[in-house]
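Small disclaimer: the values here were computed from a predicted structure and weren't measured.
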Amino acid sequence: MDFELRRAREKLEKEQKDRKEKAKLRLERERKAKLEANRHREAIESAQRSRRIHAMEAQIKAEQQMEETIFAGRGISFNRVLEAVPFEGSGDKIKLPPSCFNELSEQGAFDKGPLHFQLSVAHQDHESTHGSTHAGVLEFTADEGTVGIPPHIWNNLYSKQDPNTPLVEVKYVWLSKGTYAKLQSEELGFSDIPNHKAVLETTLRQHATLSQDDVLTVKHGVLTFHLRVLELKPSSSVSVLETDIEVDIMGPDSLPEKTTQHVLKPLTFGKSESGIINEGEYAYYKFSIDDDTWKIIALGDVEIEVNLDSESNGDTDLYLSRHPLLFPNTHQHGWSSHDLGSKCLVLGSKDHTLGPGSYSVGVYGFKGTTKYNVSVTVKDTSKSNVGQQPMSSSSDGLTSTADTVECGNCKHYIPVRTIALHEAYCRRHNVICQHTGCGVVLRTEEVKNHVHCVKCEQAFHSTEMEKHMKVFHEPLSCACGVVLEKTQMVQHQSSECALRLVTCRFCGDMVQAGSLAVDARDRLRGLSEHESLCGSRTAPCDSCGRAVMLKEMDIHQVAVHQKN
């Protein structure tokens with residue numbers, strides 16, 4: 001009996017314990033469910049609150065951007081995201097679709113002066129990223145949804161590789177006129193260009209804007225320079241239309257390890273510079289003749305000597321030119337020397353092409369690899385004439401026809417008392433060159449090495465003939481299609497070739513000579529096609545302030561102000 005009661009009590013206690021455990025677990029589950037529900041509700045409320053905050057921030061940002069756009073555009077609000085399409089052109093002027101013209105016209109943008117736009121690289125979500133510059137507008141002829149981008153803008157917006165999604169945000173902005181620009185050339189030699197600021201002005205004439213960190217590409221003849229914009233005033237982006245800008249130009253921070261274009265290395269009078277030149281290559285140097293030195297040269301007291309000495313088995317040629325021709329070569333130069341071995345060019349007062357200014361020296365590797373030394377010296381010629389007296393016409397009887405007789409072999413006048421002895425010796429050891437117009441007296445052992453060119457009939461040593469034929473008589477091809485020998489080619493490219501580079505008298509830039517102007521009056525003035533267009537620009541007269549075309553400024557000064 002007691003055993004059964006005990007078992008019943010134990011069973012009851014166990015059941016009660018199980019019920020308590022189940023109740024406890026149920027309460028725990030209910031508590032966890034309530035907590036989870038609370039967390040879920042809080043997450044939903046947080047997400048809703050976050051979305052409301054983001055929506056408000058986006059609305060505020062959009063309103064701020066709209067206000068900034070309106071402020072930047074001085075009341076004009078224009079913002080488009082367009083697909084960039086490159087086109088070949090110069091300067092920074094873009095092409096926009098006709099719908100942009102209508103939108104800008106409706107807001108009166110054309111009444112506020114020249115149009116300027118800020119261009120920024122954009123993703124497909126239309127959010128601007130890095131890459132920003134400014135531009136003017138060329139025309140409104142682009143396809144809808146696109147913007148035409150010239151190379152200058154493209155290179156400043158994108159890297160060298162084409163972008164996957166070339167989307168550009170185009171925003172109308174108002175820019176103040178620039179007053180100061182600080183530029184830095186990435187290459188050496190930009191300051192060597194004659195009137196290089198005028199060349200820069202010619203490039204800027206194709207631009208409407210300048211932006212800090214942009215890179216300007218300036219071309220001058222065969223040279224290309226890249227100028228980075230370091231600083232602008234009064235702001236980091238300015239308009240360059242109808243304004244005078246003070247420009248400072250700096251050289252590169254460091255010398256480039258390798259360059260694809262020639263550089264003029266400075267030469268100091270009396271100091272030699274050495275180098276190594278390979279066959280077919282050029283090395284260039286420069287020196288200047290100042291006004292004081294030129295005055296002494298003009299008096300005939302000094303001469304300029306340009307010397308080129310070779311120190312190896314190779315051979316070189318020496319070319320010299322006066323600026324604006326920066327890089328003399330086989331086709332274009334002012335002076336040249338093609339002697340074997342050392343070379344020397346002597347420039348004096350009798351040379352009418354000489355004058356104060358800058359000069360370029362070109363060392364050309366004619367054959368093999370040659371180590372050379374080049375130098376420019378000022379040679380005093382006045383001392384060599386001091387103390388010399390004119391020789392008497394009867395000195396020693398040498399010039400007296402009464403006491404001399406002509407040698408039948410060498411044609412020199414010899415004293416009568418020694419003529420027999422002289423002729424006997426002269427006929428054994430001297431030979432006269434029988435070539436027409438030569439008549440040079442040669443030693444017997446020199447006759448075999450004395451030869452004449454079959455084309456120009458000049459006399460040379462036999463070892464010089466091969467080089468003479470290659471330099472002077474090998475046909476040279478001009479870019480205009482003309483094929484001439486060296487002498488004729490130099491004349492052709494200095495005064496005849498339509499593709500030769502000449503300095504424009506109005507902008508100072510190096511341009512192709514081209515043909516004469518279409519306008520008859522400009523042809524009478526001797527203006528080329530480029531000068532006819534370039535001279536059509538107006539500038540204020542210094543005397544009366546009236547706007548006068550550059551090509552008629554001299555006539556205006558004479559006719560109106562009686563100035564020569």
Query raised in the report: Between S310 and T316, do the side chains contain an N or O donor and an N or O acceptor separated by less than 3.5 Å?
Result: yes
Query raised in the report: Less than 4.0 Å between a side-chain N and a carboxylate O, is that true for K295 and D301?
Result: no
Query raised in the report: Are T217 and H152 linked by a side-chain donor-acceptor pair shorter than 3.5 Å?
Result: no
Query raised in the report: With a 4.5 Å limit on heavy-atom distance, are the side chains of E552 and R525 in contact?
Result: yes
**Report entry** Close side-chain approach of F327 and L264, heavy atoms under 4.5 Å
**Finding:** yes
Query raised in the report: Of the non-hydrogen atoms in V302 and T381, which two are nearest, and what is the gap between them?
Result: N-OG1, 3.6 Å
Query - From CD (Q493) to CD (Q488), nearest 0.5 Å - result: 13.0 Å
Report summary line: One should read off an interatomic distance between N329 CG and S360 OG, to the nearest 0.5 angstrom, of 11.0 Å
Query raised in the report: Going by the angle between their ring planes, with limits at 30° and 60°, are Y284 and H262 parallel, tilted or perpendicular?
Result: perpendicular
Report summary line: Output for pair (S349 OG, L354 CG), nearest 0.5 Å, gives 9.0 Å
Query raised in the report: Going by heavy atoms in the side chains, are C478 and M489 under 4.5 Å from each other?
Result: yes
Query raised in the report: Does the side chain of T463 come under 3.5 Å of the side chain of H461 through a donor N or O and an acceptor N or O?
Result: yes
Report summary line: For V346 and E303 the tightest heavy-atom approach is CG1-OE1, 3.2 Å
Query raised in the report: Which of parallel (below 30°), tilted (30 to 60°) and perpendicular (above 60°) describes H429 and Y425?
Result: parallel
**Report entry** Heavy-atom pair of closest approach, residues R523 and A517
**Finding:** CG-O, 2.8 Å
**Report entry** Between CZ on residue F460 and NZ on residue K467, distance to nearest 0.5 Å
**Finding:** 11.5 Å
Query raised in the report: Are K455 and F472 in a cation-pi contact, defined as NZ or CZ under 6.0 Å from the six-membered ring centre and within 45° of the axis?
Result: no
Query raised in the report: So do the side chains of N155 and V215 get within less than 4.5 Å of each other, counting heavy atoms only?
Result: no
Query raised in the report: Hey, what do you get for CZ (R205) to CG (L200), rounding to the nearest 0.5 Å?
Result: 10.5 Å
Query raised in the report: Is there side-chain contact between P328 and L320, with heavy atoms separated by less than 4.5 Å?
Result: no
Requested in this report: Using distance alone, with no hydrogens and no angle criterion, decide if E187 and H226 have a side-chain donor and acceptor under 3.5 Å apart.
Outcome: yes
Report task. Verify whether the ring centers belonging to Y285 and F287 lie closer than 6.0 Å. Result -> no
Query raised in the report: Is the closest side-chain donor-acceptor distance between S495 and Q491 under 3.5 Å?
Result: yes
Requested in this report: State yes or no: are the ring centers of Y319 and H338 separated by less than 6.0 Å?
Outcome: yes
Query raised in the report: So, do H333 and H331 have ring centers that fall under 6.0 Å from each other?
Result: no
Query - Side-chain touch V306/Y359, heavy atoms, less than 4.5 angstrom - result: no
Query - Carboxylate-amine/guanidinium contact K197 E201, below 4.0 Å - result: no
Query raised in the report: With the threshold set at 4.0 Å, does a side-chain nitrogen-carboxylate oxygen contact exist between R505 and E531?
Result: yes
Query raised in the report: Parallel, tilted or perpendicular: which fits the ring planes of H450 and H452, with parallel below 30° and perpendicular above 60°?
Result: perpendicular
Report summary line: When every non-hydrogen atom of I245 is compared with those of G178, the smallest separation belongs to CG1-O, 3.4 Å
Report summary line: Between S337 and K343, the two heavy atoms sitting closest are OG-CB, 3.4 Å
Requested in this report: Can you see which heavy atom on V374 is nearest to which on L267, and at what distance?
Outcome: O-CD2, 4.1 Å
Query raised in the report: Quick one: are L442 and N449 in side-chain contact, heavy atoms under 4.5 Å?
Result: no
Query raised in the report: With a 4.5 Å limit on heavy-atom distance, are the side chains of L223 and L326 in contact?
Result: yes
Query - is_close_aromatic(H412, H422), centroid dist under 6.0 Å - result: no
